[in-house]
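Structure record follows, encoded as structure tokens.
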Amino acid sequence: MIKARIIVTLKNGVLDPQGKAIEGALGGLGFSGVGSVRQGKVFDVELEDSDRAKAEAALKEMCERLLANTVIEDYSIAIT
Amino acid sequence: MKSAVIQLPGLNRDRDMIAALTKISGKAPATVWQTETELPDVDLIVIPGGFSYGDYLRCGAIGARMPVMKAVAEKAAKGVMVMGVCNGFQILLEAGLLPGALMRNASLKFVCREVKLGVANANTAFTRGYAPGQIIRCPVAHHDGNYFADPETLARIESEGQVVFRYAEGTNPNGSVNDIAGIISEGGNVLGMMPHPENLIEAAHGGADGRALFEGLLGKAA
């Protein structure tokens, strides 16, 4: 079995109102010096296949076709 | 005009859309469930508003991958009129039938109110019932209506007249770039818009500014 972690984040230049709100809340809690916060998503995926190359190709396709909206989001895949 | 309304779990404006289409066209639309792989022979396909799949992952993301959407894409490619309102707009974007994306409202708040819409392009099958530049009233109700497109895409849709509705008179409720409220496809037969024209079609709604959209369509595809 292969386990992977996929991280989806907003592309640079795409405004992230939720990240901005979190940034403000951190400031409100007294955390000074927070330059910026960007919010993203994490998907932990377990694959039955143990072929690493096949898994990587499948995970990439999952990101392209569903997990990320590539108009506004980037993704990274880490097989653990 | 023969029409069909797509139904997915979590959509909740389908009944309003069915009522509007029935009243204005005189014929009840066919209803098509998400698992269908074929659509009836119709002039107009409508994806109504709501919260398909609970807005999980991204608004419209899961609905856009249901079998019926493949059939909708095939019909759209053949020139059949397709209209997505609110969540339906989000679904059309996620399905790649329209360019860009809809993000969380800049205010982070769900907005449910009336806005003013300017008709930015009256020379389309969907907006022919309006005068160029006409300002109409229309209700909105959404949490993710903040239209975004990369600069190249934005320049392209602006120069090609694909922006058909803009929030007017300072009523942009969500931070959409260029006040964009509704766009059409390059071919002109697919419309996506956040506001709900189906909710303003008769006196009992407090106005009928949305009616001309459906009547214009009817003239085209009657």
Side-chain angles (χ1 to χ4, degrees), chain A residues 3-29 31 34-49 54-79, chain B residues 52-53 55-67 69-70 73 87 89-111 142-157 172-180 183 185 192:
Chain A
K3 288 186 180 183
R5 173 161 283 188
I6 292 166
I7 297 177
V8 175
T9 50
L10 284 172
K11 288 185 177 183
N12 288 334
V14 175
L15 185 70
D16 178 11
Q18 294 173 102
K20 280 273 171 219
I22 294 163
E23 195 183 308
L26 287 174
L29 286 174
F31 291 100
V34 177
S36 79
V37 178
R38 306 277 284 168
Q39 182 177 304
K41 296 183 186 122
V42 171
F43 303 91
D44 286 325
V45 183
E46 292 183 5
L47 296 174
E48 286 169 4
D49 210 331
K54 264 210 266 181
E56 267 177 35
L59 290 162
K60 186 166 187 299
E61 200 182 344
M62 289 176 203
C63 289
E64 291 284 335
R65 291 184 57 192
L66 180 64
L67 299 180
N69 178 344
T70 54
V71 174
I72 48 171
E73 293 170 329
D74 288 325
Y75 60 85
S76 64
I77 300 165
I79 292 178
Chain B
S52 59
Y53 288 88
D55 285 346
Y56 294 170
L57 187 59
R58 298 177 303 275
C59 297
I62 297 176
R65 273 84 181 170
M66 289 298 120
M69 287 308 297
K70 207 175 158 205
N87 195 210
F89 185 15
Q90 294 162 341
I91 290 170
L92 289 175
L93 290 163
E94 281 283 347
L97 291 175
L98 288 170
L102 286 159
M103 304 183 52
R104 182 54 44 102
N105 294 344
S107 65
L108 298 177
K109 291 188 177 119
F110 188 97
V111 290
H142 60 251
H143 207 165
D144 298 75
N146 184 352
Y147 184 79
F148 173 88
D150 63 74
E152 295 79 35
T153 305
L154 193 60
R156 195 182 69 239
I157 65 170
N172 184 339
N174 51 39
S176 275
V177 63
N178 294 7
D179 296 324
I180 289 171
I183 59 171
S185 60

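In what follows, chains carry the letters A, B, and so on, assigned in the order in which the sequence lines appear, proteins first and then strands, with residues in each chain numbered from 1.
Minimum interatomic distance between Pro17(A) and Ala106(B) (heavy atoms only, all atoms of both residues): CB-O, 3.9 Å. Of all non-hydrogen atoms in Leu66(A) and Ala61(B), the two that sit nearest each other are CD1-O, 4.0 Å. Taking every heavy atom of both residues into account, Val71(A) and Phe148(B) meet most closely at O-CE2, 4.1 Å. Scanning both residues, Ala101(B) and Ile72(A), for their nearest heavy atoms gives CB-CG2, 3.8 Å.
Interface residue Leu10(A): only side-chain heavy atoms are found under 4.5 Å from chain B. Both the backbone and the side chain of Leu57(B) come within contact range of chain A, each with at least one heavy atom under 4.5 Å from a heavy atom of that chain.
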Here's a test: name every donor-acceptor pair under 3.5 Å between chain A and chain B, with the distance for each.
{"from": "Lys41(A)", "atom 1": "NZ", "to": "Leu57(B)", "atom 2": "O", "distance (Å)": "2.9"}
{"from": "Arg65(A)", "atom 1": "O", "to": "Arg65(B)", "atom 2": "NE", "distance (Å)": "2.7"}
{"from": "Arg65(A)", "atom 1": "O", "to": "Arg65(B)", "atom 2": "NH2", "distance (Å)": "2.8"}
{"from": "Leu66(A)", "atom 1": "O", "to": "Arg58(B)", "atom 2": "NH1", "distance (Å)": "3.1"}
{"from": "Leu66(A)", "atom 1": "O", "to": "Arg58(B)", "atom 2": "NH2", "distance (Å)": "2.8"}
{"from": "Leu67(A)", "atom 1": "O", "to": "Arg58(B)", "atom 2": "NH1", "distance (Å)": "3.0"}
{"from": "Asn69(A)", "atom 1": "ND2", "to": "Glu94(B)", "atom 2": "OE2", "distance (Å)": "3.3"}

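Residues passing the salt bridge (charged side-chain N to carboxylate O under 4.0 Å, His left out) test with Lys54(A) are Asp49(A), sequence neighbours excluded.
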